[in-house]
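One structure below.
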Amino acid sequence: MAKYNEYKNLNYAKVGDDVLAYWKEHNIFQRSVSTREGHKPFVFYEGPPSANGTPGIHHVMARAVKDIFCRYKTLKGFQVNRKGGWDTHGLPVELQVEKELGITKEDIGKTITVEEYNQRCRETVMRFKSQWDDLTEKMGYWVDLDNPYITFENEYIESIWALLKRLYDKGFLYKGYTIQPYSPGAGTGLSSHELNQPGCYKMVKDTTIVAQFEVKKITRNMFLFEYEEEQVFFLAWTTTPWTLPANTALAVGKGIKYVKVRTYNPYTYEPISVILAKDLVSRFFNPKADGIPLTEYSSGDKLIPYKIVEEFTGADLAGVEYHQLMPYVQPEKPAFRVVVGDFVTTEDGTGIVHISPTFGSDDFRVAAQNDIPALMVEDENGKPMPLVDKQGRFVKEVTDFAGMYVKNYTGEDESAPDYKPTDVLIAIKLKEEGRAFKVEKYEHTYPHCWRTDKPVLYYPLDSWFIKTTAVKDRLIELNKTINWKPESTGTGRFGNWLENLVDWNLSRSRYWGTPLPIWRTEDGEEEICIGSIQQLSDEIDRAVDAGVMDAAVEINDLHRPYVDNIVLVSHSGKPMHRETDLIDVWFDSGAMPYAQWHYPLENKEIFEQNFPADYIAEGVDQTRGWFFTLHALAVMLEDSVAYKNVIANGLVLDKNGNKMSKRLGNAIDPFEMIGKYGPDAVRWYMIANAPPWDNLKFNPEGVVETQRRFFGTLQNTYSFFALYANLDNFTFAEDEVPLERRTESDRWIISKLNTLVADVDSYLEDYDPTRAARAIQDFVVDDLSNWYVRLNRKRFWKGEYNEDKMAAYQTLYTCLEVIAKLASPIAPFYAEQLYRDLNLVSGKHKEESVHLAYYPEVEHSAIDKDLEERMALAQTISSLVHSLRKKHFIKVRQPLQRILIPVLNDRTRQQIQAVEDLIMSEVNIKHVEYIDDTSGILVKKIKPNFKKLGQVFGPKMKLVAAAVQQMNQDDIAHLEREGGIELQISDEETAVLTPEDVEISSEDIPGWLVASEGRLTVALDVTITEELKQEGIARELVNRIQNLRKDSNLEVQDKIHIVLQASVQEVNAAVENFRDYIQAETQALSLELTDNVVDGTILEVDDYQVNIHIRTEAIVA
RNA sequence: GGGCUUGUAGCUCAGGUGGUUAGAGCGCUACACUGAUAAUGUAGAGGUCCGUGGUUCGAGUCCACGCAGGCCCA
């Protein structure tokens, strides 16, 4: 006969190891997919991690979230393929390699070949793969590790090329510029990484200018003018005066308050009106001048009078046009107007920011968003260029300053008496023109090139872009169809970002990444975008034929430097070289829905079956990374979402809410956690403790608690079941006992169980694992263990193997088995063991793993809300009686005669009557008595039903409530009898109330000590009769004998003989009168009361001492 | 500076559409219970529900403005 496994001191880490071995041996993961062949697919995309660092505890979190829903959907019958993946390109790898080799970017191609360098990157990036694979297995994250997609593989890159070509053909790929830090001295752009080198930011003293931008006198702007000749100016401050000739807009803060001030220009003494932020007025005007009439000013006065005349918000000013400040070059589109910028502050300057789209990245962005052009001139090739050339000199079109360096890049002696920086010359010119309001030196930090030590310029540099703005509306529209968890990340963080979208800058000037497959002639007139290896090979043949390339090369690797060595030929026969850029690594990962199948070059069908994803999950920090690139590519390529449901999970912090870092030593090692507490407790804790999208404060003590409270309780419940089921040989071989023949508590727990099955299903369907975990946990701990098992213990260990006992076993078995299934997505290892321990004996399921099984069906007919309510009453009443016993110092073992419960209606009485037996046995009393209205002794309490009364009486609520509180017992009786009562609420007003407007409860039974909770009141009869007293002693004896049995290491089923020293009369009487009871409880075959006990043990029973001896039945061979 | 987010007991967290005694678990204290026993019950202590205003008869809940932490972006 098969037995249920029994465990002593279950080791949860070992459960993990054992189950993992079982899964491996029987290919359970593969079969969880293959057994669903032909079922509806549930498509999941794995966001590829990078294996160049070790995995952390937060990866356990992120992956648990992914895993839960894949397992859940498998339970629900879907087929869930999940291909693993590795993200292998990008800056972090390159920086790591540079650091290890002790080189900088400059050395690549010089002291180390690009080939060697990239080889090094390729090795480095997968360095920790085995650790990752190990964690993936140990934490129970099921994903196909044997056939992952790897972004550095040729096929993957080829797919990306094919996608880029599609975008290119649709006109979404273009070459433009972005504003980047640039060093004219070195003639090269600087990465933000280079800019963050220590010492790059230096204190410098610059000439700064508050310039005056004159408002145009057009109808649109007339609200800014008060009189005919008035000249109104915007004041804008800049620390880089050399950018002023390139100004095309001014930015204001939407919510910032601005004022118009009438005053005089301090250099020309002309009367002017200026607009600036209200908060900054005091920085530009001397308060001492406040109050001096404007008319009292004469040219040259030190104290310049001013008067604030009007106030506006930034929003009011948006759209106002002004005259170009330094009209050297004209724009191609309308410019010179006020726009709103989120970067504008009133920290310094005037609260109005000068915008030169070619020389600032904020400027560039805000201009692009508002369709403001940049000022450009044509270079010698007729290509557009900014007003400053790459050496840092003004172009010839800026006539007054043509050829001058905007900063000192030539090493001129700045201490020479006649040395004037360009910034100063500009200031002088503006002063003369009456366009400078204030010129002063200002000390601030400014980034410098780490090689030339000269100030950097923010300068437009060539870049390739994807024109995401062309599909902006569609991106927004389709985003609204995505189910975001939490919703706010989709509407807020992601939605707002889409609203302010700029084109996607693809270019990266690095070495280890996917090369941009575009070849161009030197003049940029002709170009080709390559979409496949085949096409490249064909083009190479053409190039060789045309003689621009020496010999055909074999294409073995699509990385640099190999692709750089390929020269193609244009239609007109010119050589074309590859644009040297790599593409943004986010394109790599965003392309995974296609490239993981080598689509569009092959596998069209597989792709179509697996697009879009039903579900993805990653950290919220991916919002503008993977979540965006997936979405953008799907919209541009397929006009579809890439994913239908997405969980953006939060961070894992240490227990104090600080970020974990190896440096601070507060990082938690996932392997250690899993090794110590087992994978299930770690997963369960992370999921149950806080919703995934909140940050998790990870406290190992919480894992301990989860292990003890949830897994410990569940395991205890199972152990209890296994212990007795093995004794009784219960294998669930019999037919199920019909519900109607089961006990009230059986039907109750089955009802609760079905409610749970439905709840967990709806939570998981809604992608809320936390609610699911908590619901399961509450059921196991509160309902199943602490109530059902506690109340029903005796049914398992007493009596014959009859239908009632069978019903108890079946009920408990069913609960445990269903729990195993419900918990299996979250605690896959323990649930597996539980399922198998049960199923190996009963053989009820043919599936040999819980992960091959199916989600339980909800038996709606088994859900009985009325029963659940009754049981809640029983629990409350029991708790009240316990509390009364406590107050009277009467222990539970002492039986009592009765409790009294006032009931105001028949329904309550019937409900309680149905659970009387449970209450009586739980709190050890003989009878439940009910007191209703007819007894005439109930004291009632009345309380206003605020919700109801508020709707009716509104403002008079307080008066009515006061009147209700004043009602006496007669009034309440009247209200109940007549179904209404008229109350005087003030001198002249009355209010008519119905019983629905109040809550009536019984408060007291005169002469009894009562306890109440909510509307329930219970009184306890504390009279202890002689018989009750004896029964109490009998129970005490049973307890002591049981302890003795245990101390003697007897097995539960061992029979004993008891010999008791006769002593005081009470004890003797108790033994005589309750002999049968004592014998039955203690499995005693005999109970002898003698005067002479040999080898006895002295036991304390109440105030008495009892000498007792027990011996086991001789074992009959 | 902007967007999003969090703030409830010592700790971790619950608290649909506003309703008058704000809950749970852990921890602490005391007392019980005991053939599930490394479990369990009862009771107690512990709260300016981050602050200030507002709406309302009534605000932990709605609105506004702040403060503090976090993430992303500048």
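Each chain gets a letter, A, B and so on, in the order the sequences are listed, and its residues count up from 1.
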Aromatic rings A:Phe710 and A:Trp684: how do their planes relate, parallel, tilted or perpendicular, breaks at 30° and 60°? parallel

On a whole-Å scale, what distance lies between the P atoms belonging to B:U40 and B:G23? 23 Å

For B:C4, the Watson-Crick or wobble partner whose two distances fall under 3.5 Å: B:G70

Would you check if the side chain of A:Asn726 reaches a backbone N or O of A:Tyr4 as a donor-acceptor pair within less than 3.5 Å? yes

Please measure how far the C1' atom in B:C62 lies from the corresponding atom in B:C72, and state the result in whole Å. 28 Å

Please give the distance between the C1' atoms of B:C50 and B:C67 as a whole number of Å. 7 Å

Is the closest side-chain donor-acceptor distance between A:Asn716 and A:Ser785 under 3.5 Å? no

From the set B:A74, B:U37, B:C72, return the single nucleotide nearest to any side-chain atom of A:Asp362. B:A74

Distance check needed: B:A36 P versus A:Phe720 CZ, whole Å only. 6 Å

Just name whichever nucleotide pairs with B:A30, Watson-Crick or G-U, keeping both distances under 3.5 Å, else none. B:U42

Per-nt protein contacts along nucleotides 7-14 of chain B (heavy atom under 4.0 Å; B base, S backbone sugar-phosphate only, - none) come out as -----SSS

Flag if over 12 foreign heavy atoms under 6.0 Å of NZ, A:Lys257: no

Between the base of B:A36 and the side chain of A:Thr713, is there any donor-acceptor pair under 3.5 Å? no

Nearest-nucleotide 5' precedence on RNA chain B, A:Ser719 against A:Asn1039: A:Asn1039

Less than 3.5 Å apart, any donor N or O on the side chain of A:Tyr458 or A:Asp363 sitting next to an acceptor on the other? no

Could you check which nucleotide pairs with B:G51 in any of the strands shown, counting Watson-Crick or G-U wobble with both distances under 3.5 Å? B:C65

Which nucleotide in B:A39, B:C4, B:A74 has an atom nearest any side-chain atom of A:Arg365: B:A74

Do any N or O atoms from the side chain of A:Thr468 and from the backbone of A:Val502 form a donor-acceptor pair under 3.5 angstrom? yes

Report yes if the side chains of A:Val789 and A:Phe796 come closer than 4.5 Å at any heavy-atom pair, otherwise no. no

B:A36 OP1/OP2 closer than 4.0 Å to side-chain N/O of A:Arg793: yes

Would A:Asp759 and A:Arg771 pass as an ion pair if we require N to O under 4.0 Å? no

Using whole Å, what does the distance between atom P of nucleotide B:A32 and atom CZ of A:Arg1035 come to? 18 Å

With a 3.5 Å distance limit and no angle check, can you tell me whether A:Asn792 reaches the backbone of A:Tyr788 through a side-chain donor-acceptor pair? yes

What is the distance, rounded to the nearest whole Å, between atom CZ of A:Phe721 and atom P of B:A39? 23 Å

C1' gap between B:G7 and B:G47, integer Å: 14 Å

Comparing nearest nucleotides in RNA chain B, the 5'-proximal residue of the pair A:Val789, A:Trp693 is A:Trp693

Atom CD of A:Glu499 to atom C1' of B:C4: distance rounded to whole Å? 15 Å

Measure the distance from CZ on A:Arg493 to P on B:C73 and round it to the nearest whole Å. 9 Å

Between C1' of B:A36 and CG of A:Leu816, the distance in whole Å: 12 Å

Quick check: does any side chain N or O of A:Thr629 sit under 3.5 Å from a backbone N or O of A:Trp586, one acting as donor and the other as acceptor? yes

B:C57: pairing nucleotide in any strand, Watson-Crick or G-U under 3.5 angstrom: B:G19

Aromatic rings A:Tyr718 and A:Phe721: how do their planes relate, parallel, tilted or perpendicular, breaks at 30° and 60°? tilted

Between B:U29 and B:A45, how far apart are the C1' atoms? Round to whole Å, please. 7 Å

Roughly, in whole Å, what's the span from CZ in A:Phe628 to P in B:C73? 13 Å

Roughly how many Å apart are B:A32 and B:A14, using the C1' atom of each and rounding to a whole number? 29 Å

Annotated protein contacts, base or backbone, on nucleotides 21-30 of chain B with a non-hydrogen cut-off under 4.0 Å, one of B, S, - each: ----SSS---

Integer-rounded Å distance: B:U40 C1' and A:Gln875 CD: 14 Å

P gap between B:G1 and B:U48, integer Å: 30 Å

Using modelled atom types and a 3.5 Å cut-off, is there a donor and acceptor pairing between side-chain atoms of A:Asn699 and backbone atoms of A:Glu701? yes

What's A:Ser488 touching, base or sugar-phosphate or nothing? Going by heavy atoms closer than 4.0 Å. sugar-phosphate

Pairwise C1' distance for B:G19 and B:U37, with rounding to whole Å: 45 Å

OP1 or OP2 of B:C72 less than 4.0 angstrom from a side-chain nitrogen or oxygen of A:Thr623, does that happen here? no

Nucleotide forming a Watson-Crick or wobble pair with B:G25, both distances under 3.5 Å: B:C11

